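Report on the structure given below.
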Amino acid sequence: MCGIVGYVGGRSAQDVVIDGLRRLEYRGYDSAGVALVHEGSVEGRKKAGKLANLEKAISEDPLPVSTIGLGHTRWATHGAPNDVNAHPHRGYGGRVAVVHNGIIENFDDLRARLEEEGHQMVSETDTEIVAHLLELQVDSGEDLTTAMQRVCRRLEGAFTLVAIDGQDPDRVVAARRNSPLVVGLGEGENFLGSDVAAFIEFTREALELGQDQVVTITREGVQVSTFDGRPAEGRAYHVDWDLSAAEKDGHDWFMRKEIFEQPRAVADSLLGRRTRSGALQLDEMRLSDQELRDIDKIIIIAAGTSFYAGLVAKYAIEHWCRVPVEVELSSEFRYRDPILDYSTLVVAISQSGETADTLQAIRHARTQRSKVLAICNTNGSTIPRESDAVIYTHAGPEIGVASTKGFLTQLVACYLLALYLAQVKGTRYGDEITQVLGQLEAMPDHISEVLAKADQVYDLAREHVGSRSVLFLGRHAGYPVALEGALKLKELAYLHAEGFAAGELKHGPIALVEQGLPVLCVVPPRGRDQLHDKMISGIQEVRARGARTICLAEEGDTSIEPYADVLLTLPRVPVLLQPLVAVVPLQLFACELATAMGHDVDQPRNLAKSVTVE
Ligand code: AGP
């Protein structure tokens, strides 16, 4: 939530900041703003709505030329998404400008104290108080770095803050607690961003910051300290993707581009996972084989699409490793007082690595002595940093708010984890593991086969403009696919969409079925005859009540033909791996339907890519 950019160097700060905000806009798009230091004061513009509104405001009322500044794109928490609540916020005299991502939990208290002292706030945000507090410090003679350290010590909650002082043309100061911030290291210039996309055009050298740290960037360098003012160090790393990876590549939406990148993303996530002898290896697995053998329960925690990846993982891990697996929404996890100990492995799945609910859940798990393994797509993010082990997915940057390649690569990581545990615990023979690895390695081609039939799905999607409700049915590993298909449609097309386990339908949801209701059915491969046949019974039940059945079934499955109003074929793959191909038509369906309805697919209303508030 909220994208933040800071810059100091020799270029036009306005251009660098606006370019950075464009690439971070997926994080929030309720408003955008920019502030620059110019001749002893701060000059800024801010505007409700998307970045385009800010750019228009600047073109009508240009800002002065400056080489130091900051910017923000907002996902509203405190206060309506209007011009006044847009960031940057200014101190009482307009000397300091601040942008913020996160929530300052004790802001009511701090605001009341400031108001008692005669300060007047103009916005409803929790951020404005920080601008006042910083300005009090710099007005009393402190430099902005010391001011930031002092103020942060008084703040509770989660925050990334970036500030400039109109009377200091040489430094941008930032702080982070439980909220993302990375530094981009340049020559004679330095950058700050919520993620590396903000500055990838200019540098691929980055510095990861720790918790409760303040960073000062100048043209000459970068200094990191703790909130107490003690010197600290960040971790330098090289970003291994470039600007083109963050651009649309000729597609209308990032989401569509990302759907079509899935064969590559899956292949990349499988790369380098085998030793010379063919055994499975996971490089970032920092847990010893003995620690893994001692595990007698696994709890998977995640949110949204990542949660559905966790549901698929349960089927794979329990089948291949014979270890019980619970899958829990990270927002619920710590509030139910879960039973955890050293023999429980907690697996946190997060594309962004910054989801606050999941982060708090792993912190809770670690206080209970459980080992935490993260499955994550974002190098340098907080969740893998705070975990005992990590399996990185290699999806590349995912910009579309709706997760697609992030999901498929999470599935790959879950399968790899399951197979690795089976290898270590000896619950599967080596040749069985090798066989599944071979099947996994064939999946990029199968995904390409599904993508080659995208036009058929697009035609179908366009027929559904005007539908008020769509249901999704699945069984076994197809059930999470049904849930994911429904989520994609909710978030992109703003339609009532629900996913059900097909067997559960008769216990209530079938009452929703009426004449013409579209029901998308994920049919399991025929290898599991009982499962397949039970699914067909479910399809018959809804069709008998007037539903329009759209069936996704493996090619050659003629048994489904009498019950399918529309049949979309999937390549023949093993039952546990079917989610990797079955979800793709559902992603295409949601993307095209939302496009036909005139919605912004990459930036759906009310959503943000990375949910860094609880
Ligand atoms: C998916 O399309 C979502 N936009 C959302 O559900 C997402 O998967 C969820 O917020 C979790 O994010 P994470 O994987 O970055 O933790």
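Order of appearance sets the numbers: ligands from 1, and atoms from 1 within every ligand. In what follows, residues are counted from 1 in the order of the sequence shown. Nothing here was measured: the structure is a model prediction, and the numbers come from that model.
- A salt bridge links R23 with E201: the distance from a Lys NZ or Arg NE/NH1/NH2 to an Asp or Glu carboxylate oxygen falls below 4.0 Å.
- Less than 4.0 angstrom separates some heavy atom of A402 from each of these atoms of ligand 1: 2 (O).
- From the protein, the heavy atom lying nearest to atom 12 (O) of ligand 1 is T355 OG1, 3.5 Å.
- Within the cation-pi definition used here (under 6.0 Å to the ring centroid, within 45° of the axis), R256 qualifies as a partner of Y458.
- For atom 7 (C) of ligand 1, the nearest non-hydrogen atom of the protein is T305 N, 4.1 Å.
- Taking every heavy atom of S306 and a limit of under 4.0 angstrom, the matching atoms of ligand 1 come to 8 (O), 13 (P), 14 (O).
- When only non-hydrogen protein atoms are considered, atom 2 (O) of ligand 1 lies nearest to E491 OE2, 2.4 Å.
- Atom 10 (O) of ligand 1 has V611 CG2, 4.1 Å as its closest protein atom, hydrogens excluded (heavy atom only).
- By the criterion of a heavy-atom distance under 4.0 Å, neither the backbone nor the side chain of E354 is placed next to ligand 1.
- Remark: ligand 1 and V401 share an N or O pair separated by less than 3.5 Å (distance only, no angle test).
- Each of the following atoms of ligand 1 lies closer than 4.0 Å to a heavy atom of S403: 1 (C), 2 (O).
- For the pair T358 and ligand 1, no heavy-atom separation below 4.0 Å is found.
- Separation of atoms CD1 (I4) and OG1 (T73) is listed at 10.5 Å; rounding is to 0.5 Å.
- Side chain to side chain, T125 and N85 fail the donor-acceptor criterion of an N or O pair below 3.5 Å.
- Using a 3.5 Å distance cut-off with no hydrogens or angles, the side chains of K488 and T305 do pair a donor with an acceptor.
- The shortest contact between atom 15 (O) of ligand 1 and any protein heavy atom is with S352 OG, 2.6 Å.
- In this structure, L271 places its CG atom where more than 12 heavy-atom neighbours from other residues, nucleotides or ligands lie under 6.0 Å away.
- Only the side chain of K488 comes within contact range of ligand 1, with a heavy atom under 4.0 Å; no backbone atom does.
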Would you be so kind as to tabulate the donor-acceptor pairs closer than 3.5 Å made by side chains of residues 576-591, with sequence neighbours excluded?
unit_1 : atom_1 : unit_2 : atom_2 : d
Q578   : NE2    : V523   : O      : 2.9
Q587   : OE1    : Q262   : NE2    : 2.8
Q587   : NE2    : Q262   : OE1    : 3.2

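- For ligand 1 and G304, the ligand atoms under 4.0 Å from any heavy atom of the residue are 6 (O).
- Closest to atom 11 (C) of ligand 1, if we only count protein heavy atoms, is A303 O, 3.3 Å.
- For E354 and T382, the side-chain atoms include at least one donor-acceptor pair closer than 3.5 Å.
- When each atom of ligand 1 is checked for a heavy atom of S350 under 4.0 Å away, the hits are 13 (P), 14 (O), 15 (O), 16 (O).
- Between the side chains of S306 and Q410, at least one donor N or O sits under 3.5 Å from an acceptor N or O.
- In this structure, a donor-acceptor pair under 3.5 Å is present between the side chains of E398 and S403.
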